[in-house]
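Below is one structure; the comments refer to it alone.
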Amino acid sequence: MNKLQKTRIVDLLQREDFGTEVQVKGWVRTRRGNKQVGFIALNDGSTIHNIQIVVELASFDEELLKQLTTGACIRVNGVLAESPAQGQKAEIQAKEIEVYGIADPNTYPLQKKGHTLEFLREIAHLRPRTNTFGAIFRIRHEMAQAIHRFFHENGFYYFHSPIITASDCEGAGQMFQVTTLDLYNLKKNEKAAIDYSEDFFGRQTSLTVSGQLEAELAAMALGSVYTFGPTFRAENSNTPRHLAEFWMVEPEVAFNEIQDNIDLAERFIKYCIKWALERCQDDLEFLSKMYDNDLFDRLEFVVKNQFVRLSYTEGIKILEAAIAKGQKFEFPVYWGADLASEHERYLVEEHFKKPVILTDYPKEIKSFYMKQNDDGKTVRAMDVLFPKIGEIIGGSQREENYDKLVSRAKEMGVPDKDIYWYLDTRRYGTAPHSGFGLGFERLLLFVTGMANIRDVIPFPRTPRNAEF
RNA sequence: UCUUCAGUAGCUCAGUCGGUUAGAGCAUCUGACUGUUAAUCAGAGGGUCGUAGGUUCAAGUCCUACCUGAAGAGCCA
């Protein structure tokens, strides 16, 4: 009848009804004590904090007590009590303990003491059990919620773009091919090319590098949409800011011009960071203490300050002025050159000391679908540049004029017969529209203060690494 | 992909000018301790020095190649 229900530790730590019998289930973090009494720090993933289980050793079986080692999973029934010692307000006086799963201390790789992030990457299947990754993955969840909530509140529809695609229209990099062809016995046609008509889809297909083109189709019907899903790039990038599989958020809005797009991007990022500050206090405090003392200052700074907005051309002028004053760069600065990360960092971290939104880039260094400005030289692109992590958002107003879009695609070598369906949006009821892409893990890098993108996604996919 | 640095106990590292039997802290195990907070104290076990070659009387140490990891760069989100 009166079966005791499991209580989450996050809820238990709030309670003051001492004397009540409670039940918790979780994993042993540490155990210490003496001959009479043992102390177990128990964590169930609901919070960064542990609950202390007090065990009077005399009242328990010796064999059971031996199994209560770091990593073991247990159920504890006991009495919630006010703690007589410093360090915690409440604790549980254990009355009954059941071991669900032991963790052999001789082989269990996680210890009480600190591990390097590099080592934890090698045991990615167990690292969620650490304080650090528990905090990160709880924050990751909250950020995903924030994204959905922001767009939902602003009248956007969550639109699911396909994962498998036949187009490489954005030219956003090397793609992973998807095939069911027998790679040990590839049939070639008379031109010695692979015969994809035999393949599953009857044509060559790949994993998506962006949901943008599909999002544009949706925006031309639903008005305001966003995608939020996995994205794949087969680039041989080995940096702390790149993944072969990452999650991207891509809003697309009909009738938005470039300024609306910029406003949306700034409002969106601020909403997400504010959400983290309001809901992830404990986890952020832990990460701040362990990895990044300035974390709260940086997050609050972004929420409170207006991002700097300037054109590419103005940016080049600032960089040229800096060079004239003696600033040294490895790569040359001139109008028409793509900005290297040293240039972006100079603008964000040295010159403005604020997030910067750069707009109106030369058309030669941007994608074919961006709306051309009247000057004939620039396009309505926008990049949001953040301190430490660089480009967090890239977006643009899209070219809605059919002829201009087709000629630009031709100039940049995009075969228009592959994207007839995309071009149709400009043939039938075209409209001004804009959108951008935000790398979810890049946002998480900023919010958590982590330095390596492999530490903000559960199972990072990078060149030569897909073990877990 | 390029450049630089690194790889020694389960983890984090030290190891001098190439020279006898490769060390420490933590973790683990055993013992002590009546409330611990990364508990403390005493003791014990634990090593193919990333892999393969080479130089040398002698290689953890020097050389070459490869593998793996990290940082910076390129590409980008």
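Each chain gets a letter, A, B and so on, in the order its sequence line appears, and its residues count up from 1. Just so it is clear, the model here is predicted, and its values are computed rather than measured. FYI, side chains are in, hydrogens and waters are out, and symmetry mates aren't considered; it's all heavy atoms of this structure.
Separating the P atom of B/A71 from that of B/U28 is a span of 30 Å, rounded to the nearest Å. With P as the reference atom, B/G10 and B/C5 are 28 Å apart, rounded to whole Å. If you take atom C1' in B/U8 and the same atom in B/G46, they sit 14 Å apart, rounded to whole Å. Spacing of P atoms, B/C66 relative to B/C29, comes out at 43 Å, to the nearest Å. Comparing the C1' positions of B/A14 and B/A9 gives a spacing of 13 Å, expressed to the nearest Å. Going from the C1' atom of B/G60 to that of B/U48 covers 12 Å, rounded to whole Å. Atom P of B/G43 sits at a distance of 40 Å from the matching atom of B/A58, rounded to the whole Å. For the C1' atoms, the distance linking B/U68 with B/G50 amounts to 7 Å, nearest Å.
Of the candidate nucleotides B/G74, B/C11, B/U36, B/U36 has the atom lying nearest to any side-chain atom of A/Gln88. Listed nucleotides B/C76, B/A71, B/G74 differ in distance to A/Arg454; the shortest reach to its side chain belongs to B/A71. The side chain of A/Ser83 lies closest to B/U36, out of B/U36, B/C76, B/G74. You'll find that the side chain of A/Phe246 is closest to B/A77, out of B/A71, B/A73, B/A77. When distances run from any side-chain atom of A/Gln111 to the nucleotides B/G35, B/G10, B/G74, the shortest one goes to B/G10. Closest to the side chain of A/Arg233, from the set B/G35, B/A70, B/A77, is B/A77. Of the candidate nucleotides B/A73, B/G35, B/C11, B/G35 has the atom nearest to the side chain of A/Val37. Of the listed nucleotides (B/G35, B/U34, B/C26), B/G35 has the atom at the smallest distance from the side chain of A/Ala85. Listed nucleotides: B/C11, B/G74, B/G72. Nearest to the side chain of A/Pro240: B/G72. Set against B/U12, B/G74, B/C75, the side chain of A/His242 has B/C75 as its closest nucleotide.
A close approach under 4.0 Å does occur between a side-chain nitrogen or oxygen of A/Ser341 and OP1 or OP2 of B/G74. Within the structure, every side-chain polar atom (N or O) of A/Lys35 is placed at least 4.0 Å from both OP1 and OP2 of B/U34. The shortest distance between the side-chain N/O atoms of A/Arg121 and the OP1/OP2 oxygens of B/A70 is below 4.0 Å. For B/A27, neither phosphate oxygen OP1 nor OP2 lies less than 4.0 angstrom from any side-chain nitrogen or oxygen of A/Arg31. At B/A32, none of the side-chain N or O atoms of A/Asn34 fall inside 4.0 Å of OP1 or OP2 (strictly under the cut-off).
Between the side chains of A/Gln281 and A/Glu285, at least one donor N or O sits under 3.5 Å from an acceptor N or O.
The pair A/Arg75-A/Glu96 meets the salt-bridge criterion, with a side-chain N (NZ, NE, NH1 or NH2) lying under 4.0 Å from an Asp/Glu carboxylate O. For the pair A/Lys371 and A/Glu257, the salt-bridge criterion is not met [side-chain N within less than 4.0 Å of a carboxylate O]. With salt bridges taken as basic N to acidic carboxylate O contacts below 4.0 Å, none links A/Arg267 and A/Asp260.
Atom-to-atom, CG of A/Asn236 to P of B/A73 comes out at 16 Å; the value is rounded to the nearest Å. In this structure, A/Leu339 places its CG atom 16 Å from C1' of B/A77, rounding to the nearest Å. Whole-Å rounding puts the A/Arg241 CZ to B/G74 C1' distance at 10 Å. A/Gln93 has its CD atom 10 Å from the C1' atom of B/G35, to the nearest Å. Distance CG (A/Leu358) to P (B/C76): 15 Å, rounded to an integer number of Å. Rounded to whole Å, atom P of B/U12 lies 11 Å from atom CG of A/Leu117. As a whole-Å value, the separation of A/Asp455 CG from B/A70 C1' is 12 Å. Rounded to whole angstrom, the span from the CZ atom of A/Phe329 across to the P atom of B/A73 amounts to 13 Å.
Contact annotation for A/Glu245: no contact, since no heavy-atom pair falls under 4.0 Å across all strands. Base engagement by A/Gly33 is indicated by at least one non-hydrogen atom pair under 4.0 Å involving a base atom. Among the heavy atoms of the strands, none lies under 4.0 Å from A/Glu122. Across all strands shown, A/Asn452 has heavy atoms under 4.0 Å from sugar-phosphate atoms exclusively, and none from any base. Within the nucleic acid shown, A/Gln52 comes within 4.0 Å of at least one base atom, counting heavy atoms only.
For the pair A/Met382/A/Ile258, a side-chain contact is recorded, criterion being any heavy-atom separation below 4.5 Å from C-beta on. Between A/Thr7 and A/Arg15, some side-chain heavy-atom pair lies under the 4.5 Å cut-off. Using a 4.5 Å cut-off on side-chain heavy atoms (C-beta onward), A/Ile48 and A/Arg138 make contact. Counting heavy atoms from C-beta outward, A/Arg309 and A/Gln259 have side chains that approach closer than 4.5 Å. Counting heavy atoms from C-beta outward, A/Leu13 and A/Ile51 have side chains that approach closer than 4.5 Å. Put simply, the side chain of A/Arg298 reaches to within 4.5 Å of the side chain of A/Phe446, judged on heavy atoms. Residues A/Val24 and A/Asp44 form no side-chain contact, since every pair of their non-hydrogen atoms from C-beta on lies 4.5 Å or further apart.
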Here RNA chain B, pairs taken as Watson-Crick or G-U under 3.5 Å and shown with ( ), [ ] when crossing and | when to another strand, reads (((((((..((((.....[...)))).(((((.......))))).....(((((..]....))))))))))))....
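Annotation: proximity of residues 96-106 of chain A to RNA chain B (heavy atom, distance under 4.0 Å) is found for A/Pro105, A/Asn106, numbered in ascending order. RNA chain B is contacted by A/Arg464 of residues 457-468 of chain A, taking any non-hydrogen atom closer than 4.0 Å.
Between A/Phe468 and A/Phe459, the ring planes lie tilted relative to each other; the angle falls in the 30° to 60° range. Ring-plane geometry between A/Tyr226 and A/Phe156 is classed as perpendicular, the angle between the planes exceeding 60 degrees on a 0 to 90 degree scale with a lower cut at 30.
Within 3.5 Å, no donor on the side chain of A/His115 pairs with an acceptor on the base of B/C11, nor the reverse. For A/Ser237 against B/C76, a side-chain-to-base donor-acceptor contact under 3.5 Å is absent. Below the 3.5 angstrom threshold, one finds no donor paired with an acceptor across the side chain of A/Glu118 and the base of B/G7.
Nucleotides of RNA chain B nearest to A/Ala451 and A/Tyr108 differ in position, and the one nearer the 5' end is that of A/Tyr108.
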Assess whether salt bridge (charged side-chain N to carboxylate O under 4.0 Å, His left out) is satisfied between A/Asp283 and A/Arg140, documenting all intermediate values. CA-CA 11 Å; A/Asp283 289 326; A/Arg140 188 181 166 104; over 6 Å; no
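When each of A/Phe301, A/Phe352, A/Phe268, A/Phe386 is checked for a ring pair (Phe, Tyr, Trp, His ring centres under 6.0 Å) with A/Phe307, only A/Phe386 meets the rule.
Of the possible polar contacts, none joining the A/Glu91 side chain to the A/Gln52 backbone as a donor-acceptor pair under 3.5 Å is found.
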